[in-house]
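Okay, structure first, notes after.
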Amino acid sequence: MTITNQIRDDFPILFQEVNDEPLVYLDNAATTQKPKQVIDALVHYYENDNANVHRGVHTLAERATHAYEAAREKVRGFINASSTKEVLLTRGTTTGLNWVAQSYGSTLKAGDEIVISIMEHHSNIVPWQQVAKKTGATLKYVYLKDGKLDLEQAYEVITENTKILAITQSSNVLGTTNPIKELAAYVHQKGGIIVVDGAQSTPHTKVDVQDLDADFFAFSGHKLCGPTGIGVLYGKESILKAISPVEFGGEMIDFVHQFESTWTDLPWKFEAGTPNIADAIALGAAIDYLEELGIENIHQYEQELVDYVLPKLQAIEGLEIYGPKDPSEHTAVIAFNLDKIHPHDVATALDMEGVAVRAGHHCAQPLIEYLGIPATARASFYFYNTKADCDKLIEAILATKEFFKDGTN
Ligand code: 7TS
């Protein structure tokens, strides 16, 4: 199936005016919009099947359990995990990364090293700072070269002491994609594991956790047309079997005695309490939707948008873009600064034109500090954006530039 403007009809939210202008939604790195198919799945579940899972024998409980576990199977296929035992349903990327840090991370000791990159989201920094504080392990960084990960430096920093390499597949600021497969092979050869933050890659490109040889891989449902509050942590079965759960209570136990308890099997061992059933089912609907479009088609279409818009942005005098210069190396996340105008003012001015972009540090303060800037504006695209949206962005940026001309130049 090719991506055409018609798919926009599936997204009711896109058809509105903001500040008397048609909405151009370019904040997809923060969260994506939901197609009717996903909204319908939520409504259908609550209107027909709502019950708690894994406990009741009545018909509704069986239906809810079946739908919840069917969603897990869809996720398994989507990322090519070898078994649903390896697919843990979480609240989102942040929860998944915290689980890995709290569980696997607690096995580290003084002298062990955790390597992360300077382009990480806070969710893949702060949990490792905590692990380092608690265990005495050392946190090390890989920095940048030409707006991309400095691979040469990565291969120096990763050593036999590296127990964990925790790294994003695609940056939410720089629009660069890291060579996860190569990094995984390298860290494995040194005896460590790789934890991948897939929040910005999974919605846009084919992820195959077995091909990448990722030990852990986390992503969020809401960045790929699914609801908020649901996400995925993939972990290799051999590792998940060996480590302890992070949360304890209902659902995850096998047997509870007065002073001792045992855990149930994977994946439920990690899923304490009533899970987010409705949103898991709707995540399954989002995956069906993306698979119908074809994730490769989505990737190719977004690349066409980048090839179209990035050179136009680069041609605007006084507009600085972060990350790789070559459109073929840039994802559809474009962070920029315009003249000396504060990015919040840029975002507000664009909003007046109906164009929604984010401004700020994008939860990547160490990166922003490293770049030596206070913040950036950021336009981020998804498959329902069009070349007309790109044109509107350019037009609105030029209008903003003109508006602030006298005050800031
Ligand atoms: N990792 C990356 C690379 C991200 O971009 C984000 C969210 C997260 C982790 C956390 O995901 P969550 O679903 O658990 O919150 N990034 C952004 C963003 O760039 N703007 O808003 C959220």
Side-chain angles (χ1 to χ4, degrees), residues 25-34 75 88-102 116-130 141-142 144 148-149 165-178 180 183 194-205 207 212 214 216-234 246 276 279-280 282-283 286 302 322-323 330-336 343-344 347 351 356-368 370-371 375-382:
Y25 184 79
L26 297 178
D27 194 17
N28 294 288
T31 199
T32 56
Q33 300 304 348
K34 321 305 171 198
V75 173
L88 314 181
L89 294 169
T90 64
R91 284 208 314 276
T93 309
T94 305
T95 308
L97 295 170
N98 272 276
W99 282 7
V100 181
Q102 284 173 38
I116 64 176
S117 89
I118 195 68
M119 73 177 81
E120 299 310 311
H121 186 279
H122 295 165
S123 299
N124 203 24
I125 300 174
V126 188
W128 304 114
Q129 291 175 342
Q130 298 303 310
Y141 279 86
V142 181
L144 307 181
K148 296 179 278 185
L149 191 76
L165 168 64
I167 188 153
T168 194
Q169 186 165 21
S170 291
S171 164
N172 67 326
V173 179
L174 299 171
T176 181
T177 297
N178 296 320
I180 296 301
L183 288 164
I194 186 164
V195 180
V196 183
D197 175 348
Q200 296 293 349
S201 56
T202 318
H204 308 283
T205 190
V207 166
L212 293 173
F216 290 100
F217 190 101
F219 63 98
S220 302
H222 70 95
K223 292 189 201 286
L224 44 79
C225 296
T228 50
I230 188 80
V232 175
L233 176 65
Y234 160 85
V246 176
N276 187 350
D279 292 322
L283 171 63
E302 287 179 17
Y322 304 95
H330 215 294
T331 69
V333 170
I334 304 174
F336 61 92
H344 281 123
D351 187 54
V357 301
R358 192 177 171 189
H361 52 61
H362 315 296
C363 298
Q365 278 176 333
L367 172 65
I368 297 295
Y370 175 81
L371 294 173
T376 84
R378 183 188 67 187
S380 51
F381 299 77
Y382 210 17

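Atoms within each ligand, like the ligands themselves, are counted from 1 in listed order. We use all heavy atoms of the structure for the numbers below, so side chains are in, but hydrogens, waters and symmetry mates are not. These figures come from a predicted structure and were not determined experimentally. We count residues from 1, following the sequence as given.
- Between Ser123 and Thr93, the side chains place no donor N or O within less than 3.5 Å of an acceptor N or O (distance only, hydrogens not considered).
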Enumerate, one pair per line, all nitrogen or oxygen atoms of ligand 1 lying under 3.5 Å from a protein nitrogen or oxygen, stating the separation to 0.1 Å; write 'none' if no such pair exists.
| unit_1 | atom_1 | unit_2 | atom_2 | d |
| --- | --- | --- | --- | --- |
| ligand 1 | 1 (N) | Asp197 | OD1 | 3.2 |
| ligand 1 | 1 (N) | Asp197 | OD2 | 2.5 |
| ligand 1 | 5 (O) | Gln200 | NE2 | 2.7 |
| ligand 1 | 13 (O) | Ser220 | OG | 2.7 |
| ligand 1 | 13 (O) | His222 | NE2 | 2.7 |
| ligand 1 | 14 (O) | Thr93 | N | 3.4 |
| ligand 1 | 14 (O) | Thr94 | N | 2.9 |
| ligand 1 | 14 (O) | Thr94 | OG1 | 2.5 |
| ligand 1 | 16 (N) | His121 | NE2 | 3.4 |
| ligand 1 | 16 (N) | Lys223 | NZ | 3.0 |
| ligand 1 | 19 (O) | Asn172 | ND2 | 2.9 |
| ligand 1 | 19 (O) | Arg378 | NH1 | 2.6 |
| ligand 1 | 19 (O) | Arg378 | NH2 | 3.4 |
| ligand 1 | 20 (N) | Arg358 | NH1 | 2.4 |
| ligand 1 | 20 (N) | Arg378 | NH2 | 3.2 |
| ligand 1 | 21 (O) | Arg358 | NH1 | 2.7 |

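- Taking the centre of each ring, His361 and His122 come in below the 6.0 Å mark.
- At a cut-off of 3.5 Å, with distance as the only test, a side-chain donor of Thr177 or Ser170 sits close to an acceptor on the other residue.
- Side-chain contact of Thr376 with His362: a donor-acceptor pair under 3.5 Å is present, judged by distance alone.
- Looking at Gln169 and Ser201, their side chains do bring a donor and an acceptor atom within 3.5 Å of each other.
- Not counting sequence neighbours, His222 has no partner by the ring-ring contact (aromatic ring centres under 6.0 Å, His included) test.
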